Amino acid sequence: MYDGLKGFRDFYPGEQSARREVTDAIENAASRYGFREIATPALERTQMYVDKSGEEIVEELYAFEDKGGRGVALTPELTPTVARMVVAKGQELSKPIKWTSTRPFWRYEQVQQGRFREFYQTNIDIFGSSAPEADAEVLAVAADALTSLGLTGDDFEFRVSHRDVLGGLVRALAADPDAVDTAAAIRAVDKRVKVDDGEYHGLLSDAGLDRDTAREFDDLITSVETVDDLDAVAEAGGEDVEAAVENLRNVLAAADDFGAGEFCEVSLTTARGLDYYTGVVFECFDSTGEVSRSVFGGGRYDDLIESFGGQPTPAVGVAPGHATLKLLCQRAGVWPDEALSTDYYVLSVGDTRSEAAALARDLRALGDDVVVEQDVSDRSFGAQLGYADSINAETVVVVGERDLENGEYTVKDMERGDETTVPVDEFPPESGRPTYEDYE
């Protein structure tokens, strides 16, 4: 007997059907906005991640040498892969490029609630537009996906920030801007709610801010609760911050027009820790706080394509993680039912296989989403009926030798236990999905 690997999960039919329903909701939302599906490989060259994030990233990867002596890794995220793809065919692709993909990723990290070593995300990205409308559309797709699952503005919120506001503010407040590690200061903000105050201010100090400047910086970013509060930040930060604040305002205004504004709030303590983010960033949180960590996030990464050898190409995206999204849906009571469901079970009695199989084919022809099962194990009447109950069959159609001699089927409602007979030439009808109620 072998145990599964830690951080890798099995999904049995009930849970997988619920996961499929959620995945479909996200993908359908993206499709309605014109995002086109792509497929990407499970392996990439390890060096691609080292160049992007430094040698230390290898410790977090499933990295190894393949039989050709190449250093490869299971993909821990999609962004470098799509950047590589855009660079490879950049001039051939009509812009803006709007891509989406749902697939697994792998990271060797500590397993905890909502975080696994193999995890699933749906990535939704736009390349080739720096306009606020692109940021707003990504927010709108995410909002539409969540609301299509039954979530409301009482269940989730998008905390929207701007990394250039944070970076510009750090430089403006520092006595010696050149001595400040802006990226490190932004990473400190990203860890603000995950560490105690002493460690947080220590991280700001390590980034080059003295105690008084760190306190002033933190007071400014925590004072912002509405768009109007950004005025004080712009005034304190100078021209660079003013421009970033204006961009943030424009994105939020576009989000209003795109229908996502009601889910957005300004939150300058939201930073996104990855250094490739460049402008507007956001994270989705459970409004009640019961799911304590970010459900998912996204933002701008305008410099990444160029860093991979391509032409300067602005980009923005979001990547809902399915494990944390499940936590939110379960908390809100909208996670899909994990019980199996079957529309029809065709129960064969005696030498009626041909007739039962023909009926099953006719029932499946009623629609692509009609689920029909029939006996494939040569079981008794009672065993078939028990199986039909175990798969939550709504209607059982009995095809028996005696029934066929009389030119009829027996139709049974499994929930009520009632049954009746129907003429063979009237079942199924040319349209509609017949149940017991149609013939009682």
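Worth saying up front: this structure is predicted, and the values here are computed from it rather than measured.
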Solution key, residues 131-140 side-chain donor-acceptor pairs under 3.5 Å, sequence neighbours excluded:
{"unit_1": "Asp135", "atom_1": "OD1", "unit_2": "Arg300", "atom_2": "NE", "d": "3.1"}
{"unit_1": "Asp135", "atom_1": "OD1", "unit_2": "Arg300", "atom_2": "NH2", "d": "2.9"}
{"unit_1": "Asp135", "atom_1": "OD2", "unit_2": "Arg300", "atom_2": "NE", "d": "3.2"}
{"unit_1": "Glu137", "atom_1": "OE2", "unit_2": "Lys98", "atom_2": "NZ", "d": "2.7"}

Query - Test salt bridge (Lys or Arg N to Asp or Glu O under 4.0 Å) applied to Glu373 - qualifying residues, sequence neighbours left out - result: none

Query raised in the report: Taking only residues two or more places apart in sequence or in another chain, which ones pass side chain to side chain contact (heavy atoms under 4.5 Å, CB included) with Arg163?
Result: Ile186, Asp275, Tyr277, Val281

Report task. Using ring-ring contact (aromatic ring centres under 6.0 Å, His included) as the criterion, list what pairs up with Phe11, not counting sequence neighbours. Result -> none

Query raised in the report: Which residues pass the side chain to side chain contact (heavy atoms under 4.5 Å, CB included) test with Glu306, sequence neighbours left out?
Result: Pro312

Query - Pairing residues for Ala29 by the side chain to side chain contact (heavy atoms under 4.5 Å, CB included) criterion, not counting sequence neighbours - result: Arg32, Val141, Asp144, Ala145

Report summary line: Here the ring-ring contact (aromatic ring centres under 6.0 Å, His included) pairs for residues 60-97, sequence neighbours left out, are Phe8-Tyr62, Tyr62-Tyr108

Query raised in the report: If you look only at pairs with a residue in residues 141-161, which of them pass as a ring-ring contact (aromatic ring centres under 6.0 Å, His included), with sequence neighbours excluded?
Result: Phe156-Phe158, Phe156-Phe263, Phe158-Phe282

Query raised in the report: Looking at residues at least two apart in the chain, or sitting in another chain, which of them share a side-chain hydrogen bond (donor to acceptor under 3.5 Å, both in side chains) with Asp24?
Result: Arg20

Report summary line: For Glu15, the side-chain hydrogen bond (donor to acceptor under 3.5 Å, both in side chains) test, sequence neighbours excluded, returns Lys326

Query raised in the report: Looking at residues at least two apart in the chain, or sitting in another chain, which of them share a salt bridge (Lys or Arg N to Asp or Glu O under 4.0 Å) with Asp231?
Result: Arg249

**Report entry** With sequence neighbours excluded, residues passing side chain to side chain contact (heavy atoms under 4.5 Å, CB included) with Ser292
**Finding:** none

